S.K.: 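Here it is: the structure, laid out below.
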Amino acid sequence: MKIKIKTLSLLRDILGETIELVVDGPVRVVDIVEILRSKYSLPRDIEVIAIVNGEVVSMEYLISEDNITVYLTPPFAGGGLHIDVRLIRDEKPDLNKILEDLSRIDPASGALSIFIGFVKGLIGENKVEVLEYEAVEEAAINQMRKIAVEEGVKHGLKAVVIWHWLGERKPGETTLLIATLGENRSNAIKAMQIILERVKKEVPVFKLEKRSDGEYWIIGDGVRIPRQKNS
């Protein structure tokens, strides 16, 4: 069974960015770490955190999937990465509360980048009446969490927020909120932009645009396909 190890931060300096291991059958995370300590000179005094499929897992976590990628990191900067991912139907975002809550997470933070997407009122000369969102909800939550953890760790963030709205949304109403908290503006802004693009491409959320000239499925990066209703 093949396992790809990707390292970040201090571990990348010690081990290199990528290691490919071949093991006999399922293996625990603790066994992988022991291999790295005994064969790749990973110091025993460095605590290791493992992330599998976007989730921080315990050392006893059993890896049984072939060709899986396991991220290994030292303890997160600030002692932890705050993750808040949600699928929302009616709630309105309170930006003042978001700012207040996130700014208190870590005193070393100095920048908060926020993206808010909302429904357009016009597409060309055609009036948008409503945008309908649906999702494979469990998969969407898991993928948003995976993106948040991966990019949060990669960019050394203190917090990542991803809220995606579902159901009917009218022009001017919020559809997506992403917030990234970091030590400085460069990592917060860059991470927010990457997270936005990944959410658009990787999260199973689907849009039906109802407007004055008909209904259109929005596929991929803004491609509109006229809806064909079954008779």
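Here the structure is a predicted model, which is why all the values come from computation and not from measurement.
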S.K.: Taking side chain as C-beta onward, heavy atoms only, is L181 less than 4.5 Å from H82?
M.R.: no
S.K.: Any idea which heavy atoms bring L102 and A179 closest together, and the distance?
M.R.: CD1-CB, 3.9 Å
S.K.: Would you kindly confirm whether V130 and F206 end up in one hydrophobic cluster when ILVMFWY residues are joined by side chain heavy atoms under 4.5 Å apart?
M.R.: no
S.K.: Does the side chain of V48 reach to within under 4.5 Å of the side chain of L36, using non-hydrogen atoms?
M.R.: no
S.K.: Counting only heavy atoms from other residues, nucleotides and ligands, does the tally under 6.0 Å from CG of D90 exceed 12?
M.R.: no
S.K.: R89 and salt bridge (charged side-chain N to carboxylate O under 4.0 Å, His left out): which single residue from E173, E168, E137 fits?
M.R.: E137
S.K.: Can you tell me how far apart CG (L112) and NZ (K158) are? Round to the nearest 0.5 Å.
M.R.: 14.0 Å
S.K.: Is there a side-chain contact between I147 and Q143 (heavy atoms, below 4.5 Å)?
M.R.: yes
S.K.: For I14 and Y40: C-alpha separation, side-chain torsions, deciding distance, then whether side chain to side chain contact (heavy atoms under 4.5 Å, CB included) applies.
M.R.: CA-CA 9 Å; I14 297 171; Y40 291 86; over 6 Å; no
S.K.: Can R198 and E150 be counted as an ion pair, charged N to O under 4.0 angstrom?
M.R.: yes
S.K.: Taking R169 for its side chain and E132 for its backbone only, find out whether a donor-acceptor pair lies under 3.5 Å.
M.R.: no
S.K.: Measuring only between side-chain heavy atoms, which start at C-beta, is I98 closer than 4.5 Å to V161?
M.R.: no
S.K.: Any salt bridge linking E34 with R44? Criterion: basic side-chain nitrogen under 4.0 Å from a carboxylate oxygen.
M.R.: yes
S.K.: Looking only at heavy atoms, what is the nearest atom pair of S113 and A188, with distance?
M.R.: CB-O, 3.7 Å
S.K.: Can you tell me how far CZ of R12 sits from CD1 of I19, rounded to the nearest 0.5 angstrom?
M.R.: 13.0 Å
S.K.: Do I68 and N53 have side chains that approach each other closer than 4.5 Å (heavy atoms only, starting at C-beta)?
M.R.: yes
S.K.: Taking all atoms of both residues into account, what is the closest heavy-atom pair of V128 and P171, and its distance?
M.R.: O-CG, 3.2 Å
S.K.: Can I88 be reached from L177 by stepping across I, L, V, M, F, W or Y side chains whose heavy atoms are under 4.5 Å apart?
M.R.: yes
S.K.: Would you please test N67 and K4 for side chain to side chain contact (heavy atoms under 4.5 Å, CB included) and show each step?
M.R.: CA-CA 7 Å; N67 291 316; K4 179 180 285 187; over 6 Å; no
S.K.: Are L42 and V29 linked, directly or through other ILVMFWY residues, by side chains that come within less than 4.5 angstrom of each other?
M.R.: yes
S.K.: Under the salt bridge (Lys or Arg N to Asp or Glu O under 4.0 Å) rule, what do K97 and E100 come out as? Steps first, then yes or no, please.
M.R.: CA-CA 5 Å; K97 188 175 188 307; E100 181 180 359; over 6 Å; no
S.K.: So which heavy atom on P26 is nearest to which on L62, and how close?
M.R.: CB-CD1, 3.9 Å
S.K.: Rounded at 0.5 Å granularity, tell me how far OG1 in T174 sits from CH2 in W163.
M.R.: 10.5 Å
S.K.: Under 3.5 Å, is there a donor-acceptor pair between the side chain of R227 and the main chain of W217?
M.R.: no
S.K.: Would you mind reporting whether K190 and I194 have side-chain heavy atoms less than 4.5 Å apart?
M.R.: yes
S.K.: Between T7 (side chain only) and G16 (backbone N and O only), is there a donor and an acceptor less than 3.5 Å apart?
M.R.: yes
S.K.: Decide yes or no on side chain to side chain contact (heavy atoms under 4.5 Å, CB included) for E91 and R86, but give the supporting numbers first.
M.R.: CA-CA 11 Å; E91 181 180 342; R86 309 182 193 182; 3.9 Å; yes
S.K.: Evaluate the side-chain proximity of K6 to E17: yes if any heavy-atom separation is below 4.5 Å, no if none is.
M.R.: yes
S.K.: Once rounded to the nearest 0.5 Å, what's the spacing between atom CD of E134 and atom CG of L166?
M.R.: 9.0 Å
S.K.: Does S212 reach the main-chain N or O of N126 with its side chain, forming a donor-acceptor pair under 3.5 Å?
M.R.: no
S.K.: If you measure from the Lys or Arg side-chain nitrogens to the Asp or Glu carboxylate oxygens, is any gap between K2 and E20 under 4.0 Å?
M.R.: no
S.K.: Around atom CD of E60, are there more than 12 heavy atoms of other residues, nucleotides or ligands at under 6.0 Å?
M.R.: yes
S.K.: Quick check: closest heavy atoms across V160 and G152, and the distance to 0.1 Å?
M.R.: CG2-CA, 4.0 Å
S.K.: As an exercise, state the distance from CD1 of I189 to OG1 of T180, rounded to the nearest 0.5 Å.
M.R.: 8.0 Å
S.K.: Of the non-hydrogen atoms in A135 and A140, which two are nearest, and what is the gap between them?
M.R.: CB-CB, 4.4 Å
S.K.: Under 4.5 Å between side-chain heavy atoms, counting indirect links through other Ile/Leu/Val/Met/Phe/Trp/Tyr residues: same cluster for F118 and L87 or not?
M.R.: no
S.K.: To the closest 0.5 Å, what do you measure between NZ (K154) and OG1 (T73)?
M.R.: 13.5 Å
S.K.: Same cluster or not: L208 versus I225, using hydrophobic residues (I, L, V, M, F, W, Y) connected whenever any side-chain heavy atoms lie under 4.5 Å apart?
M.R.: yes
S.K.: Is a donor on one side and an acceptor on the other found under 3.5 Å between the side chain of N184 and the backbone of N187?
M.R.: yes
S.K.: Side chains of I3 and M1: does their closest heavy-atom pair fall under 4.5 Å?
M.R.: yes
S.K.: Given the rule in the side chain to side chain contact (heavy atoms under 4.5 Å, CB included) test, do R224 and I123 qualify, once you have shown the distances and angles that lead to the verdict?
M.R.: CA-CA 11 Å; R224 287 170 168 80; I123 301 295; 3.5 Å; yes
